[in-house]
Amino acid sequence: MYSIRAYAKVNIFLKITGHENGYHTLLSRFMRVNDLYDTITIVPGTFDSFTLEGCKGVPLHSNTIYKAYEALLEPFPKLEDFFKSHKVVVEKSIPSQAGLGGGSSDAGAFMRLINSLSQNPLSTDALAKLGSGIGADVPFFVYNYPSANVRGFGEIVEPFRERPLQLELFTPDIGCDTAKVYQAYHKYLLRTLDPKSFFGWENIDSRTLLQLIADPIALNDLYPAALSTCPKLEKLDTKGWFFSGSGSTFFRVKD
Ligand SMILES: C[C@](O)(CO)[C@H](O)COP(=O)(O)OP(=O)(O)OC[C@H]1O[C@@H](n2ccc(N)nc2=O)[C@H](O)[C@@H]1O
Ligand SMILES: Nc1ncnc2c1ncn2[C@@H]1O[C@H](COP(=O)(O)OP(=O)(O)OP(=O)(O)O)[C@@H](O)[C@H]1O
């Protein structure tokens, strides 16, 4: 059996920098959450076709792991036979629609695992490029840096050297649909975009930036958009907490 951890991420900050071809470009600090992860295991057996267990309620062909499998067939055609004698079992711990990158992390980790089993592995850059077609956050999870500055649609990932923060997470029972949050941002907030307001943030370590800026609305452009699409978020007492991605998870520094 082969196994890999698919870690969650938080966005320490997320600033929208533009909009092209229906997608927003961003500058964001992604930080890996080392104590929250899904576990993906490849288990031997006999199967008629690609078999995935553990992602209840997600149709196979919509699953990011299946999409990663399909993308990997091009560089690794023998993969189809491999999954006649192996299945994928996922132990989910990362909540969905939580701004924690769960589906994207599963895809990125699965791609790293399969690549590591190949006699002719792809370069990490080539794997990340392949992953960018599955979801904007997948490249970050293919590179698997503890902390990184992410740009473009999510395909430009630059490692940021800093001591990882011990983070406390709070995920309310409110699902935030990423598409709806971005639509709200595009409709109401894109015009407020001001690159000068976050000049140099990519050079500041995460602990300092959270202390310096301190305002969750200023740190994450999607937070006000999420508040408008998920009004229940307004009712929460979130003083001292920061907002991750398109939500609904809040985080703060433990130590
Ligand atoms: C919010 C983040 O998680 C930040 O880490 C990501 O930007 C989300 O990226 P993602 O998971 O790939 O988003 P998806 O769920 O695939 O995108 C859903 C929809 O959100 C919008 N979307 C997504 C990513 C992006 N950079 N700009 C967008 O405008 C698009 O309309 C897209 O069709
Ligand atoms: N492997 C997977 N794990 C969880 N959800 C998945 C997976 N594959 C597809 N999905 C679908 O994608 C939707 C979004 O999943 P999730 O929120 O975990 O991923 P994400 O978009 O990468 O993260 P974020 O919450 O940061 O936007 C889920 O509601 C589910 O319907």
Side-chain angles (χ1 to χ4, degrees), residues 4 6-33 36-41 50 52-70 88-111 113 131-142 148-157 169 171-172 174-187 189-190 193 219-223 225-226 229-230 243-251:
I4 194 167
Y7 293 99
K9 59 84 181 162
V10 295
N11 302 78
I12 298 292
F13 69 84
L14 189 160
K15 301 302 287 183
I16 302 295
T17 55
H19 186 263
E20 286 167 47
N21 312 324
Y23 263 73
H24 292 78
T25 54
L26 49 79
L27 169 63
S28 180
R29 172 76 49 75
F30 282 45
M31 185 169 280
R32 191 176 65 199
V33 180
L36 177 61
Y37 50 85
D38 294 342
T39 303
I40 299 172
T41 306
F50 185 85
L52 173 60
E53 294 173 1
C55 284
K56 284 187 289 303
V58 182
L60 176 66
H61 290 192
S62 312
N63 198 297
T64 52
I65 295 172
Y66 182 79
K67 290 177 182 175
Y69 160 71
E70 283 191 309
V88 181
V89 178
V90 187
E91 190 185 334
K92 286 295 296 182
S93 300
I94 304 172
S96 286
Q97 302 202 322
L100 296 172
S104 303
S105 187
D106 287 357
F110 176 76
M111 294 180 84
L113 178 57
S132 65
I134 298 161
D137 289 351
V138 176
F140 169 73
F141 293 110
V142 168
N149 287 324
V150 177
R151 303 168 198 266
F153 301 114
E155 77 285 1
I156 303 165
V157 182
L169 305 182
T171 304
I174 303 168
C176 289
D177 178 292
T178 302
K180 290 198 175 82
V181 173
Y182 268 112
Q183 279 153 19
Y185 179 86
H186 186 262
K187 187 170 177 187
L189 296 164
L190 185 59
L193 197 159
L219 283 159
N220 184 343
D221 286 345
L222 293 181
Y223 186 21
T229 53
C230 315
F243 194 70
S244 181
S246 51
S248 61
T249 296
F250 293 85
F251 67 92

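Note that ligands are numbered from 1 as they come in the structure, with each ligand's atoms numbered from 1 the same way.
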(message) Please confirm whether the ring centroid of F50 lies under 6.0 Å from the ring centroid of Y66.
(response) yes
(message) Heavy-atom contact check, 4.0 Å cutoff: does S28 meet ligand 1?
(response) no
(message) Any nitrogen or oxygen of A136, side chain or backbone, less than 3.5 Å from one on ligand 1?
(response) yes
(request) Under 4.0 Å from a heavy atom of S62: give me the atoms of ligand 2 that qualify, with their elements. (result) 9 (C)
(message) Is it the case that ligand 2 has an N or O less than 3.5 angstrom from some N or O of D137?
(response) no
(request) For atom 14 (C) of ligand 2, decide whether some protein heavy-atom distance is shorter than 4.0 Å. (result) no
(request) Look at the side chain of N220 and the backbone N and O of F13, then say whether any donor-acceptor pair between them is shorter than 3.5 Å. (result) no
(request) Report yes or no: does G101 have a heavy atom closer than 4.0 Å to ligand 2? (result) yes
(message) Please report whether ligand 2 has a polar contact with V58, defined as an N or O pair separated by less than 3.5 Å (distance criterion only).
(response) no
(request) Name the option, out of A179, S104, G54, that contains the heavy atom nearest to atom 20 (P) of ligand 2. (result) S104
(request) Report, as yes or no, whether the 6.0 Å neighbourhood of atom NZ on K92 holds more than 12 heavy atoms from other residues, nucleotides or ligands. (result) yes
(request) Without swapping roles, check the side chain of K187 against the backbone of Y182 for a donor-acceptor pair under 3.5 Å. (result) no
(request) Mind checking whether Y23 contacts ligand 1 via backbone (N, CA, C, O), side chain (CB onward), both or neither, at a 4.0 Å heavy-atom cut-off? (result) both
(request) Return yes when K67 approaches ligand 2 closer than 4.0 angstrom through a heavy atom, no otherwise. (result) no
(request) For ligand 2, note which part of A98 has a heavy atom under 4.0 Å away: side chain, backbone, both or neither. (result) backbone
(message) Is there a polar contact, in the sense of an N or O pair closer than 3.5 Å, between S246 and ligand 1?
(response) no
(message) Yes or no: does G245 have any heavy atom under 4.0 Å from an atom of ligand 2?
(response) no
(message) Could you check whether any heavy atom of H19 sits closer than 4.0 Å to an atom of ligand 1, since that is the contact criterion I want to use?
(response) no
(message) Polar contacts were defined as any N/O atom of the residue lying under 3.5 Å from an N/O atom of the ligand; does this apply to G247 and ligand 2?
(response) no
(request) Say whether F30 and ligand 1 are in contact under the criterion: heavy-atom distance to a ligand atom below 4.0 Å. (result) yes
(request) Compute the shortest N/O to N/O distance between G99 and ligand 2 and return yes if it is under 3.5 Å, no if not. (result) yes
(request) Taking atom 9 (C) of ligand 2 as the reference point, report whether a protein heavy atom occurs under 4.0 Å from it. (result) yes
